[in-house]
Amino acid sequence: MMPVSDLLMEGVNLMLLGMGIVFIFLTILVVTMSGMSRLAAAIDKKQPQAVPAPQPAVPKAGEDEELVAVISAAISRFRSR
Amino acid sequence: MMPVSDLLMEGVNLMLLGMGIVFIFLTILVVTMSGMSRLAAAIDKKQPQAVPAPQPAVPKAGEDEELVAVISAAISRFRSR
Amino acid sequence: MMPVSDLLMEGVNLMLLGMGIVFIFLTILVVTMSGMSRLAAAIDKKQPQAVPAPQPAVPKAGEDEELVAVISAAISRFRSR
Amino acid sequence: MGIANLEWGQVLMMLVGCVLIYLAAVKNFEPLLLLPIGFGAILSNIPVAGIAGPDGLLGYVYHVGIETGVFPLLIFMGVGALTDFSALIAMPQTLFLGAAAQFGIFATLLGALALNLVPGFEFSMADASAIAIIGGADGPTAIFLASRLSPDLLGAIAVAAYSYMALVPIIQPPIMKALTSEADRKVTMQQLRPVSKLEKVLFPFSVLLLCILFLPSAAPLIGMLMFGNLLREVGVVDRLSRAAQNEIINIVTIFLGLAVGSKLSADKFLTVETLGILALGALAFCIGTAAGVLMGKLMHKLTGGKVNPLIGAAGVSAVPMAARVVNRVGLEADHHNFLLMHAMGPNVAGVIGSAVAAGVLLALVGG
Amino acid sequence: MGIANLEWGQVLMMLVGCVLIYLAAVKNFEPLLLLPIGFGAILSNIPVAGIAGPDGLLGYVYHVGIETGVFPLLIFMGVGALTDFSALIAMPQTLFLGAAAQFGIFATLLGALALNLVPGFEFSMADASAIAIIGGADGPTAIFLASRLSPDLLGAIAVAAYSYMALVPIIQPPIMKALTSEADRKVTMQQLRPVSKLEKVLFPFSVLLLCILFLPSAAPLIGMLMFGNLLREVGVVDRLSRAAQNEIINIVTIFLGLAVGSKLSADKFLTVETLGILALGALAFCIGTAAGVLMGKLMHKLTGGKVNPLIGAAGVSAVPMAARVVNRVGLEADHHNFLLMHAMGPNVAGVIGSAVAAGVLLALVGG
Amino acid sequence: MGIANLEWGQVLMMLVGCVLIYLAAVKNFEPLLLLPIGFGAILSNIPVAGIAGPDGLLGYVYHVGIETGVFPLLIFMGVGALTDFSALIAMPQTLFLGAAAQFGIFATLLGALALNLVPGFEFSMADASAIAIIGGADGPTAIFLASRLSPDLLGAIAVAAYSYMALVPIIQPPIMKALTSEADRKVTMQQLRPVSKLEKVLFPFSVLLLCILFLPSAAPLIGMLMFGNLLREVGVVDRLSRAAQNEIINIVTIFLGLAVGSKLSADKFLTVETLGILALGALAFCIGTAAGVLMGKLMHKLTGGKVNPLIGAAGVSAVPMAARVVNRVGLEADHHNFLLMHAMGPNVAGVIGSAVAAGVLLALVGG
Ligand code: NA
Ligand code: NA
Ligand code: NA
């Protein structure tokens with residue numbers, strides 16, 4: 001094992017490097033998240049109708065409303081849960 | 001690796017054999033299931049009272065109806081679930 | 001394998017020793033449980049207020065009653081379940 | 001083609017599996033275990049597929065869950081989390097009944113050794129001990145001990161243990177009636193005192209402490225049983241208690257059953273030894289019941305008539321079936337004599353008693 | 001720093017993972033599987049971390065759950081516990097539709113072998129069989145067979161299988177309409193007879209019996225499917241049935257998806273072979289659908305018009321999506337023609353059919 | 001007999017186990033973990049039984065779940081599925097508070113190395129790193145890092161981490177009050193903006209992307225955390241989300257606790273090093289809290305008074321305890337100042353922060 005003083009020197013380095021990386025990482029994350037939020041707002045504004053549309057596989061209400069009832073309850077439970 | 005033409009020959013064999021087995025298997029299953037259904041109908045007709053009878057271990061209602069309540073809830077849950 | 005008579009001799013020994021240990025063990029357990037019950041009664045008598053007290057981390061009702069509602073439902077579920 | 005490779009032994013074992021499933025499904029014989037065991041027996045005996053082999057599903061499950069002893073211990077944790085020991089805490093002297101009923105175990109041990117006098121039987125001391133534990137009327141204990149002492153007999157032992165547990169309502173009443181008088185059976189017992197939460201929390205520690213001091217070989221079984229019970233009673237870890245009572249025990253039960261079924265192969269099950277095991281198992285239940293009832297009579301005398309001797313029969317465990325049987329026989333004698341709660345004491349005492357007996361056998365015969 | 005070690009292939013595979021997650025989350029493409037697969041693909045391609053390596057989480061999960069075949073078999077148990085086979089029991093002749101649709105599998109097998117004529121492709125017979133099973137339209141069967149016959153292609157095969165299952169509402173209708181007349185599609189079918197509980201309980205044994213006699217190599221798949229179904233129908237083991245339908249299948253689905261994703265590495269996925277697999281998979285679904293519909297037309301003739309040919313399309317499996325598609329196409333032709341229950345018969349028959357086909361391929365090509 | 005084989009060290013460790021159970025059951029100290037850890041400690045120190053040995057239940061569980069790192073990662077998946085990151089998304093700058101609080105980790109690292117000056121201590125760089133992570137106030141991160149860098153100290157590190165997390169309501173308030181003025185604590189913060197579903201779904205990808213680019217060694221932890229969170233937020237895989245939040249995390253918590261307890265053996269726990277670890281752990285929490293509050297004061301200044309410095313204390317993680325403590329201290333200063341939601345931002349930021357710190361330590365000190 002190396003002498004304690006060397007260990008401590010290395011520890012100080014590790015501390016500076018570690019806190020540095022933590023701060024840089026989280027700073028970039030702050031920037032990224034702000035960008036992400038703006039992007040999300042832009043997308044949401046552009047296609048506010050996007051939410052109901054993209055479910056091609058779900059049966060349309062009314063059409064086979066009665067039918068869904070007859071699908072084996074378990075399978076439908078598996079899919080919808 | 002064998003030449004593609006041989007592979008293809010073998011593939012054709014596999015296809016014929018495979019589809020043959022699938023069809024034969026499912027044909028026998030059709031027959032078996034029909035027989036099974038007739039058997040089930042016969043059994044059900046023969047002993048329509050068979051359903052309620054065969055539960056020797058379950059306490060008779062009325063007799064210890066009150067008692068079931070006192071069995072540690074968890075154990076009874078384990079058994080009855 | 002040893003002769004059956006020896007096995008049987010050993011079996012008799014095992015039976016005597018085994019039943020002896022079972023009885024001694026459960027007898028000591030009877031004594032221990034009686035002592036435990038008396039101890040429990042003594043503790044319960046000594047500090048009847050002990051039950052509501054020792055939950056330092058749980059938020060006091062009224063104080064942040066409203067707040068508990070806003071904690072992310074899932075985390076609170078995890079803790080309280 | 002499977003049909004060409006099918007051997008008679010495999011066909012017979014599949015029929016055995018079907019019989020187990022029939023008993024489970026139609027006769028309600030411990031269906032949670034016997035149904036997966038029966039299906040596992042069918043799957044394991046399919047030629048070519050090798051489902052119970054070293055690379056097959058059931059082979060893996062057996063290797064991971066039973067060879068290691070993990071599954072029975074997890075079941076024990078779940079049983080602990082499902083069991084309310086209040087009746088025992090209120091009446092600790094019912095432990096004597098739980099102790100007496102273990103005589104079924106040790107008498108059967110002698111019986112198994114004696115069978116060696118019959119040509120065709122060659123039970124070692126370890127085999128005899130594993131067979132004897134059937135008398136404990138406790139499935140996971142039997143599987144745990146058999147996996148340690150006599151893996152080859154595990155299938156037959158587990159089948160016998162669960163089958164006779166299911167047969168308790170048929171096996172016990174005649175013995176109970178033969179050994180007691182009408183007056184005995186009419187004895188009413190006073191209501192049990194309430195048990196405080198603190199007692200329930202201290203209980204698992206009391207049992208574990210004695211186990212540590214006097215019988216550490218029983219510590220895995222007793223320890224997990226008491227851990228499950230502590231999860232249940234301590235009140236601050238409901239999430240974990242529910243996981244032990246539901247998800248874990250249900251999942252493990254499926255795999256335990258299938259894996260036990262994987263030991264039902266023709267060469268190990270279709271032997272004269274299996275017949276011996278089935279006979280010895282019945283004997284074990286009868287002797288255990290009788291010993292419990294006789295100890296009940298002794299306690300009846302010593303307590304000046306406060307104890308109904310019938311409750312001794314519940315000492316074999318088979319929770320909660322044996323306690324219900326006691327209650328039914330009591331009601332037959334007197335329509336107002338409810339013994340269920342009093343029988344729960346010896347009933348759960350029997351679980352501890354057979355775990356202790358298993359510990360004794362492990363310590364003296366194992367390793 | 002990760003960025004310095006990132007290779008282009010890894011970046012592309014992460015994008016593939018993102019596409020899969022997009023399809024799952026936004027387009028609702030089999031999200032229960034494709035979302036974990038996509039995320040697993042991202043995690044596995046992170047440099048330095050080695051998450052899919054021998055000491056990484058996904059590496060362990062793959063080793064324990066997929067190399068052994070355990071996970072797909074547990075999913076099959078869950079599918080069995082979730083599936084109501086009543087429609088098939090009421091109309092066993094729909095098994096022919098389930099059989100015909102398996103032609104997609106074997107035609108694709110030939111197609112995969114023929115691709116060897118194109119430079120850059122080198123599919124062995126085992127590879128071709130694993131690819132062909134995509135035509136079975138059944139995820140766990142495809143994963144099981146690929147893990148046995150062609151582990152290197154497992155990632156692409158699983159992705160193709162689940163993607164095309166999700167695309168069934170887009171792939172099938174044009175083929176169904178091209179092969180049937182308006183009059184065909186308007187055929188109404190008589191209501192299914194009720195099925196007794198006894199039939200439902202005997203059904204798994206019937207299927208398993210044939211499997212044992214004639215195709216033991218399919219026994220692991222068929223056996224676990226039927227075990228799950230027995231747990232469901234037998235009525236006395238609800239605890240176990242619910243565990244199979246919920247806890248076990250949910251937990252296994254998460255890990256199965258992540259582990260499949262761990263096979264999406266650049267060197268194995270970003271190849272011309274993957275393009276071939278995707279093309280062949282689409283072909284398989286088309287041919288399977290067409291074969292099912294044509295067999296439906298034959299049955300329509302033979303039964304004197306009692307069978308609507310559309311229900312043949314449900315024979316590819318993809319439960320319950322394909323049956324819903326049949327129902328929708330039927331309603332388009334006649335607003336009062338509800339075919340859903342009649343399509344459930346061939347739909348679940350297709351599950352059995354592709355398990356049988358997998359057994360054939362295992363027996364003839366594997367081992 | 002167990003009593004003859006009991007050594008003093010084992011007795012003491014069992015008492016340590018009892019103390020942990022007492023703290024869990026009566027004082028409500030992180031009972032979900034400390035109760036199984038305490039019971040595991042008792043079971044592991046039973047002589048003869050060998051429950052923590054290579055063939056014992058806890059030995060197996062440790063080998064399968066902790067040596068591999070699987071259990072902490074699954075807990076992280078569950079934590080992700082249970083955590084709502086909205087507060088952080090609405091106020092991403094609270095990540096600085098989560099960053100500052102990690103100073104507790106690195107200061108403790110120096111402290112652990114400095115302890116080597118005291119005779120009897122010999123902490124390697126890996127040991128010191130594993131000890132330092134206690135300052136992350138995050139149980140699964142601590143167990144994961146300790147299992148990688150210093151398995152011998154794992155028991156003491158896990159016990160210290162969970163104990164101090166439970167002590168947060170006692171440790172933090174004095175430090176918070178000493179470093180802030182009454183006026184500081186009365187600062188009210190404006191209500192958080194609502195966060196859209198799309199943001200919540202993109203969030204896990206944002207975090208994972210940075211992790212991939214800049215710190216792949218943190219990818220297993222961050223990846224599983226974000227996978228769990230994606231399951232929660234994506235909305236189409238509720239079955240999987242519920243499995244991660246309930247069955248998986250509950251089952252794993254039981255086994256993780258027991259397995260950690262199996263490392264509490266006398267020769268590894270009853271050492272002067274454990275005392276050092278306990279002292280350093282307390283130090284770590286104090287320094288982390290102080291650093292968080294001081295960064296809060298800086299943000300208070302820089303934002304012109306919009307940030308209440310108290311919320312910096314929540315940056316240590318210990319979710320959701322630390323956020324509640326902030327709220328309580330805030331309410332003491334002003335009865336209408338509800339800071340809970342604002343403190344949730346730095347609180348969950350602290351989880352990410354300590355996972356990042358763990359990644360740094362793994363990259364620089366580990367293998
Ligand atoms: Na017993
Ligand atoms: Na199919
Ligand atoms: Na932290």
Side-chain angles (χ1 to χ4, degrees), chain D residues 64-65 67-74 76-78 81 144 148 197-198 201-202 204-205 208-224 226-231 233-252 359 362-363 366-367, chain F residues 1-6 10-11 14 17-18 21-36 38-40 42-61 63-64 78 82 243 245-258 261:
Chain D
V64 168
E67 256 177 49
T68 60
V70 167
F71 282 175
L73 293 177
L74 296 184
F76 242 57
M77 177 174 77
F144 184 76
R148 296 275 153 285
K197 195 200 151 191
L198 184 57
V201 172
L202 290 181
F205 293 100
L208 186 59
L209 176 68
L210 293 196
C211 175
I212 293 169
L213 292 180
F214 303 116
L215 198 63
S217 60
L221 282 169
I222 297 276
M224 290 310 283
M226 291 300 134
F227 177 58
N229 192 243
L230 180 64
L231 292 182
E233 300 296 356
V234 75
V236 292
V237 291
D238 278 357
R239 271 179 93 92
L240 308 187
S241 173
R242 268 181 291 122
Q245 286 177 25
N246 291 290
E247 289 87 337
I248 296 178
I249 200 171
N250 292 348
I251 294 172
V252 171
L362 269 180
Chain F
M1 291 263 286
I3 208 171
N5 296 294
L6 259 179
Q10 293 172 324
V11 174
M14 287 185 197
C18 288
I21 293 171
Y22 174 83
L23 292 175
V26 180
K27 297 293 180 192
N28 226 8
F29 272 30
E30 295 282 334
L32 295 175
L33 265 298
L34 286 188
L35 192 133
F39 212 93
I42 297 177
L43 292 181
S44 305
N45 282 285
I46 298 176
V48 179
I51 300 178
D55 289 334
L57 175 63
L58 299 193
Y60 286 126
V61 173
H63 177 66
V64 168
L82 285 160
Q245 287 176 25
N246 291 290
E247 289 88 336
I248 296 178
I249 200 170
N250 292 348
I251 294 172
V252 171
T253 299
I254 290 179
F255 294 120
L256 178 75
L258 289 174

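Values below: all heavy atoms of this structure, side chains included; hydrogens, waters and symmetry mates excluded. In the text below, chain A, chain B and the rest are named by the order of the sequence lines, each starting its count at 1.
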**Q** Please check if the number of heavy atoms outside F205(D) that lie under 6.0 Å from its CZ is greater than 12.
**A**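 Buried by this count: over 12 neighbours within 6.0 Å.
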
**Q** Quick check: do I254(F) and L231(D) have side-chain heavy atoms less than 4.5 Å from each other?
**A**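 Yes. Closest side-chain heavy atoms under 4.5 Å.
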
**Q** So do T68(D) and L57(F) actually touch side chain to side chain, heavy atoms under 4.5 Å?
**A**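 L57(F) does not reach T68(D) side chain to side chain.
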
**Q** V234(D) versus chain F, heavy atoms under 4.5 Å apart: side chain, backbone, both or neither?
**A**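 Just the side chain, heavy atoms under 4.5 Å.
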
**Q** Pick out which of I42(F), L43(F), N45(F) makes a side chain to side chain contact (heavy atoms under 4.5 Å, CB included) with I212(D).
**A**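 Exactly one candidate clears the test, I42(F).
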
**Q** Once rounded to the nearest 0.5 Å, what's the spacing between atom OG1 of T253(F) and atom CG of L240(D)?
**A**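 If I round to the nearest 0.5 Å, the distance is 6.0 Å.
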
**Q** Evaluate the side-chain proximity of V236(D) to F29(F): yes if any heavy-atom separation is below 4.5 Å, no if none is.
**A**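 They are not in contact (no side-chain heavy atoms under 4.5 Å apart), so the answer is no.
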
**Q** Roughly how far apart are M77(D) CE and F255(F) CZ, rounded to 0.5 Å?
**A**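 So the CE of M77(D) and the CZ of F255(F) are separated by 4.5 Å.
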
**Q** Between N250(F) and I248(D), is any pair of side-chain heavy atoms under 4.5 Å apart?
**A**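 No. Closest side-chain heavy atoms not under 4.5 Å.
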
**Q** In sequence, state the C-alpha distance, the side-chain angles, and the governing distance for M14(F) and L209(D), and then conclude on side-chain contact (heavy atoms from CB on, under 4.5 Å).
**A** CA-CA 10 Å; M14(F) 287 185 197; L209(D) 176 68; over 6 Å; no

**Q** Measure the shortest side-chain to side-chain distance between R239(D) and I249(F) over non-hydrogen atoms and say whether it is less than 4.5 angstrom.
**A**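 Yes; the side chains approach each other to less than 4.5 Å.
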
**Q** Using non-hydrogen atoms and a 4.5 Å limit, figure out which bit of I21(F) sits close to chain D: side chain, backbone, both or neither.
**A**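 Side chain only.
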
**Q** Heavy atoms only: give me the nearest A49(F)-P216(D) pair and the separation to one decimal.
**A**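 Residues A49(F) and P216(D), closest heavy atoms: CB-O, 3.4 Å.
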
**Q** Tell me every residue that passes side chain to side chain donor-acceptor pair (under 3.5 Å) with S217(D), counting only those two or more places apart in sequence or in another chain.
**A**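 Partners of S217(D) by the side chain to side chain donor-acceptor pair (under 3.5 Å) criterion come out as none, since no residue qualifies.
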
**Q** How many angstroms lie between CG in L213(D) and CD1 in I46(F), if you round to the nearest 0.5 Å?
**A**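 Answer for the CG-CD1 pair, L213(D) versus I46(F), is 10.0 Å.
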
